[in-house]
Amino acid sequence: NASNLFHQYYANALSAFIINSNPKIKPVFEAWNQLTPDAFYSNLQKNEDLKNVVLNATPWVLEAEDETEQKRRIGILFDMNRLANEKNNTMAKLRELQLPSGAWSWYNGMREDRHTTQSIVVGIAKLHDKGVIDLSNDHQLYVMIRKAVAFIDGEVQRDYAKLKKNNPKGMKNNNLGSMQVEYLYARSLLDQLFPIPQKSEEAFDFYVEQEKKYWLDKSNYLQGMIALTLNELGHRNEAEGIMRSLKERSLHNDEMGMYWRQERSWFWYEAPVESQAIIIEAFDQIMNDPKSVEQMKIWLLKQKQTSRWKTTSATAESVFALLLTGEDLLSNDQLVQIKVGSEQIIPKQIEGMKVEPGTGYFKTSWAGSEIKSEMGKIEVTNPNKNIAWGAAYWQYFENLDRITSHDSPLSVEKLFLIEELTDNGPVVKPLEEEHTLKTGDKVVIRLVIRTDRNMEYIHVKDMRATALEPMNQLSGYNYKGGLGFYKNITDVSTEFFIRYLNKGTYVLEYPLMVTQKGEFSNGIATIQSYYAPEFAAHSEGLRLVVE
């Protein structure tokens, strides 16, 4: 579709600009090809030894292959002739899809789509504004965007005329929508190249005044866009007022940086990653606040740690914000210094240890008798200005019923409940220590999952004693309590594969029947991010007695 085609052009243009201005990037990818080919692996494929289940036993095999292929394709970017050819081909397709009115439809054959058209104009305007492309030196692109600008000028003029005709008494009310905000942002960036036509001036001025008055009613994404627009048009006081308000409403966290609490929705102007990216841009341009910019970049990077950037717009906007604002992240390339107990970890001195070029990723391990109690103290020193992250894992054997619970930002709590029949119907009660189960009892396992951030590719495995049998033997996809998951029932456990786990608390329940007498270890429930295995937790163990 036109939107994806444009983001393809956007990515190629941005890539060529970044590669030309950062000569370090090309040697990194050459080293990946020659020295560390596993750098191209998807996060889903890395560190199998730290994961509770092999990738082939999950529903995410194809997604892993897809992300690996995406990484491999990045190497294509260093062929500048190919990049230029890709840009030209994509632009030719966009010109073919442009309608006589100057607009684009979402897909070929559909009617004119205003948001698609405006988003393309905004993207080209941002590239021009940052010096990535020069519209005045590209005649074909200039003509294409001039036609699109004429279309959106006509649309905003019609908005204003309709408002004056149908609701003249309500002109002072809030009549500002997302389409008008996006339009004004695009026009503010292109005002010098394409002056506002006289017939659209009244509508333009009206909606600018609306932005000054009603910006607080809009989403964070639109507030960032309004601030950039007003700043570009010379209304600096109002733009700074919006940014001060955003800063006052921000949340701060040592790990997550600076961010905002916002509801997730399907509207383009409430997308969390894109919202963060445009606010970073606004702080960088308007406030001259490098500290806040770097703190907001941390949030973007932490989102990437536990999730894929799935959409073309999220990826493009994030890369734009990370590399074209604030500190040069690519210039910070010293290795993190790590001391485990009294031992300094120096990769060059450890046989077989490879350091991944560009990312600085390395790992090492100790086994059995090599592990000393003093190794519980780990010191990490980061000599760079940008963030780094890593993890330490301690793996050992323990009897299931003696395991104590362990939490991280991702946690799971396992509750063992007994269902009893009363005069008021079935009631579930927690299993008390002195309570003895009987064969034929019905029990309910309740798993309470908590996460303090959005995650993807979550695997939950709940072991069960051999005395218990699931009452529902069918595996399959389920959707309960706002959570979609694939439930897999095996002989010894029940597994849940959760593609999206948004920040919050979730409860999963399933019934079991007691079928054998004796003493049993019930096992534990484990939870782990398959994309970032450092986010893992487990519940405590439990001993069952059945008469």
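Along the sequence shown, residues carry numbers from 1.
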Trainee: Centre of Tyr457's six-membered ring, under 6.0 Å away, within 45 degrees of the axis: is that where NZ or CZ of Arg499 sits?
Mentor: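 That pair qualifies as a cation-pi contact.
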
Trainee: Would you check if Asn175 and Phe206 make a side-chain contact, meaning some heavy-atom pair closer than 4.5 Å?
Mentor: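 Yes. Closest side-chain heavy atoms under 4.5 Å.
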
Trainee: For Gln223 and Arg249, which I'm curious about, is there any donor-acceptor pair between the side chains at under 3.5 Å?
Mentor: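 Arg249 and Gln223 do have a side-chain donor-acceptor pair below 3.5 Å.
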
Trainee: Please state whether the rings of Phe204 and Tyr183 are parallel, tilted or perpendicular, taking 30° and 60° as the class boundaries.
Mentor: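 Plane angle over 60°, so perpendicular.
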
Trainee: Given the rule in the side chain to side chain contact (heavy atoms under 4.5 Å, CB included) test, do Trp104 and Met144 qualify, once you have shown the distances and angles that lead to the verdict?
Mentor: CA-CA 11 Å; Trp104 282 274; Met144 186 178 80; 3.7 Å; yes

Trainee: Could you tell me whether the side chain of Trp215 and the main chain of Ala227 form a donor-acceptor pair under 3.5 Å?
Mentor: no

Trainee: Once side chain to side chain donor-acceptor pair (under 3.5 Å) is applied, do any residues pair with Tyr142, and if so which ones, sequence neighbours excluded?
Mentor: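 Testing Tyr142 for side chain to side chain donor-acceptor pair (under 3.5 Å), a comparison that skips the adjacent residues, returns none.
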
Trainee: Please name all residues satisfying side chain to side chain donor-acceptor pair (under 3.5 Å) with Glu238, sequence neighbours left out, ordered by chain then number.
Mentor: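 Glu238: no side chain to side chain donor-acceptor pair (under 3.5 Å) contacts found.
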
Trainee: Considering only residues two or more places apart or on different chains, which pairs with a residue in residues 276-291 satisfy salt bridge (charged side-chain N to carboxylate O under 4.0 Å, His left out)?
Mentor: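 Found Lys126-Glu281, Lys247-Asp289.
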
Trainee: Do we see a donor-acceptor contact under 3.5 Å between the side chains of Thr229 and Glu211?
Mentor: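 On atom types as modelled, these side chains do not qualify, holding no pair under 3.5 Å.
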
Trainee: Any luck finding a side-chain donor-acceptor pair between Asn231 and Gln285 under 3.5 Å?
Mentor: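 Gln285 and Asn231 do not have a side-chain donor-acceptor pair below 3.5 Å.
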
Trainee: Could you tell me whether the side chain of Asn1 and the main chain of Ser3 form a donor-acceptor pair under 3.5 Å?
Mentor: yes

Trainee: Hey, are the side chains of Tyr9 and Leu141 touching, using non-hydrogen atoms and a 4.5 Å cut-off?
Mentor: yes

Trainee: Asn173: which residues meet the side chain to side chain donor-acceptor pair (under 3.5 Å) condition with it, sequence neighbours left out?
Mentor: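 Scan of Asn173 (side chain to side chain donor-acceptor pair (under 3.5 Å), adjacent residues dropped) gives none.
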
Trainee: Can we say Glu240 and Arg236 salt-bridge, meaning some charged N sits less than 4.0 Å from an Asp/Glu carboxylate O?
Mentor: yes

Trainee: Going by atom types alone, do Gln295 and His252 pair a side-chain donor with an acceptor below 3.5 Å?
Mentor: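 Judged by distance alone, the side chains do not pair up.
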
Trainee: If you measure from CD1 on Ile498 to CD1 on Ile527, what distance do you get to the nearest 0.5 Å?
Mentor: 6.0 Å

Trainee: Would a distance-only check, ignoring hydrogens and angles, find a side-chain to backbone donor-acceptor pair under 3.5 Å from Lys218 to Leu176?
Mentor: yes

Trainee: Do the side-chain N and O atoms of Gln303 and Gln276 include a donor-acceptor pair separated by under 3.5 angstrom?
Mentor: no

Trainee: So do the side chains of Leu230 and Val208 get within less than 4.5 Å of each other, counting heavy atoms only?
Mentor: yes

Trainee: By the salt bridge (charged side-chain N to carboxylate O under 4.0 Å, His left out) test, which pairs, at least two apart or in different chains, include something from residues 137-149?
Mentor: none

Trainee: Sequence neighbours left out, what passes side chain to side chain donor-acceptor pair (under 3.5 Å) with Asn166? Give chain and number order.
Mentor: none

Trainee: Are the aromatic rings of His459 and Phe497 close, with centres under 6.0 Å apart?
Mentor: yes

Trainee: Within a radius of less than 6.0 Å around CH2 of Trp260, do more than 12 heavy atoms belonging to other residues, nucleotides or ligands occur?
Mentor: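 Yes.
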
Trainee: Taking Tyr500's backbone N and O only, do any of them form a donor-acceptor pair with Asn502's side chain (distance below 3.5 Å, no angle check)?
Mentor: no

Trainee: Could you check whether any side-chain heavy atom of Phe194 comes within less than 4.5 Å of a side-chain heavy atom of Asp153, counting everything from C-beta outward?
Mentor: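 No; the side chains remain at least 4.5 Å from each other.
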
